[in-house]
Amino acid sequence: MSMLTNTLGRYFAGRFVVAALGVFASIFLLLVLVDYIEMVRKTSGLASASAVMVAETSLFRVPQLLEKLTPFCMLIGAMMCYLALSRRLELVVARAAGVSAWQFISPALGSALLIGVIATVAYNPMSANLRELSKRMEAELFGSAPGGGIQDASGFWLNQVTSDGQTIINAARSEQQGVRLTGLTLFRFDTEQHFKERVEAREATLESGHWLFKGVRRFSLDAPPVDQASLEIPTTLTEAQVRNSFSTPETVSFWQLPSYIRSSESSGFATAGYRLQYHKLLAQPFLLAAMVMLAASVSLRFFRMGGVQKMVLSGVGAGFLLYVLSKVTEDLSKAELMHPIAAAWLPAVVGGLTGFLALLYQEDG
């Protein structure tokens with residue numbers, strides 16, 4: 001790692017960081033453009049939707065989507081960096097000066113570790129907060145249209161039973177990990193399981209011992225619809241129970257995950273998803289370093305020896321296989337067939353060892 005402190009090491013590190021950030025920015029702009037076009041299509045019939053607000057909503061949604069692509073940004077950025085250095089014969093000069101492959105890879109590895117730490121402790125909380133803000137803006141855009149807007153499948157469903165009977169709640173959007181819901185439809189039944197009424201509401205907030213619904217319209221079988229400013233429905237649900245139903249581990253920031261794990265454990269809920277997300281974020285710096293190792297193993301061949309397309313396809317293929325491995329281990333962990341720690345760290349270990357062994361073979365140690 002001594003190369004990090006000299007001029008050549010700083011040069012290699014700078015070239016890698018510029019390439020990785022360039023790939024990151026390019027994918028970011030592409031995702032923003034695609035998401036903006038989709039949002040414009042969905043809001044085309046809403047007179048209250050301004051172009052600026054739609055653009056802000058798309059801009060705030062993309063960082064969390066891009067977070068999942070960060071390892072691929074590192075992989076492609078490292079491949080671009082080393083292929084450019086090889087094309088300009090800078091790697092040839094470095095090798096002729098007695099610099100080994102391990103010495104000019106180490107600056108990129110250190111940079112990848114640093115970028116991974118920043119992504120975990122700073123970028124992840126920022127993307128989670130921006131995602132919550134985008135949900136709030138979506139609620140403002142689609143608040144007058146129950147069930148509309150950006151949602152997952154048929155929205156979110158919740159069933160609660162109290163002394164007054166049963167209430168089935170369907171929400172189009174969830175904010176603050178399920179504490180605030182928008183675009184709601186309720187089906188209420190009495191204690192004998194007879195249909196009582198259907199209720200539509202603009203938004204709802206979980207308060208102590210009850211749900212507070214606002215912008216309410218009530219429909220019953222023997223009376224015309226009735227509009228109300230607000231409606232309170234008793235509930236025995238707690239914030240931890242609601243959070244377990246509506247939130248996903250990806251929407252919880254790195255710094256909040258330990259408290260969510262403790263809260264879910266004390267409430268008797270499964271914590272595998274939260275534990276997996278927490279350890280994935282801890283392993284993220286090492287996964288990015290593993291991507292650099294994989295990129296170096298397919299990109300250090302001299303440019304004039306040909307086979308560049310084959311090298312690029314090999315690197316992309318290795319990254320794709322590593323992504324498949326991470327998805328398989330993630331599904332096994334969520335099904336409680338694999339420990340979250342093993343599921344989170346296995347892709348980083350496999351990717352790092354694969355790149356390390358490939359470089360050992362190429363460089364003869």
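Any value given below was found using the heavy atoms of this structure, including those in side chains, with hydrogens, waters and symmetry copies removed. Quick note: residue numbers are just sequence positions, from 1. Predicted model, so just to flag it, every value in this text is computed and none were measured.
The side-chain hydrogen bond (donor to acceptor under 3.5 Å, both in side chains) check on E56 picks up nothing, with sequence neighbours excluded. Applying the ring pair (Phe, Tyr, Trp, His ring centres under 6.0 Å) test to F320 and every residue at least two apart in sequence or in another chain returns nothing. Listed by chain and number, the residues in a ring pair (Phe, Tyr, Trp, His ring centres under 6.0 Å) with F187 amount to none (sequence neighbours excluded). With sequence neighbours left out, R188 forms a side-chain hydrogen bond (donor to acceptor under 3.5 Å, both in side chains) with E197. Take T235 and apply the side-chain hydrogen bond (donor to acceptor under 3.5 Å, both in side chains) test, not counting sequence neighbours, and it matches Q160. The side-chain hydrogen bond (donor to acceptor under 3.5 Å, both in side chains) search around S58 returns D35, not counting sequence neighbours.
Hydrophobic clustering (side-chain heavy atoms under 4.5 Å, transitive across Ile, Leu, Val, Met, Phe, Trp, Tyr) groups L357 together with M291.
The number of heavy-atom neighbours closer than 6.0 Å to OH of Y11, taken from other residues, nucleotides and ligands shown, is above 12. Crowding of Y323 atom OH: a count of heavy atoms from other residues, nucleotides or ligands under 6.0 Å not exceeding 12.
At a threshold of 4.5 Å between non-hydrogen side-chain atoms, the residues F24 and I115 do not count as touching. Using a 4.5 Å cut-off on side-chain heavy atoms (C-beta onward), Q64 and L130 make no contact.
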For the pair V199 and F213, evaluate side-chain contact (heavy atoms from CB on, under 4.5 Å) and give the outcome as yes or no after the intermediate values. CA-CA 10 Å; V199 180; F213 296 88; 5.9 Å; no

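Under the side chain to side chain contact (heavy atoms under 4.5 Å, CB included) test applied with F28, the options L69, V23, L65, L59 reduce to a single match, L59.
Counted by atom type alone, R262 and S259 present zero donor-acceptor pairs between their side chains at under 3.5 Å.
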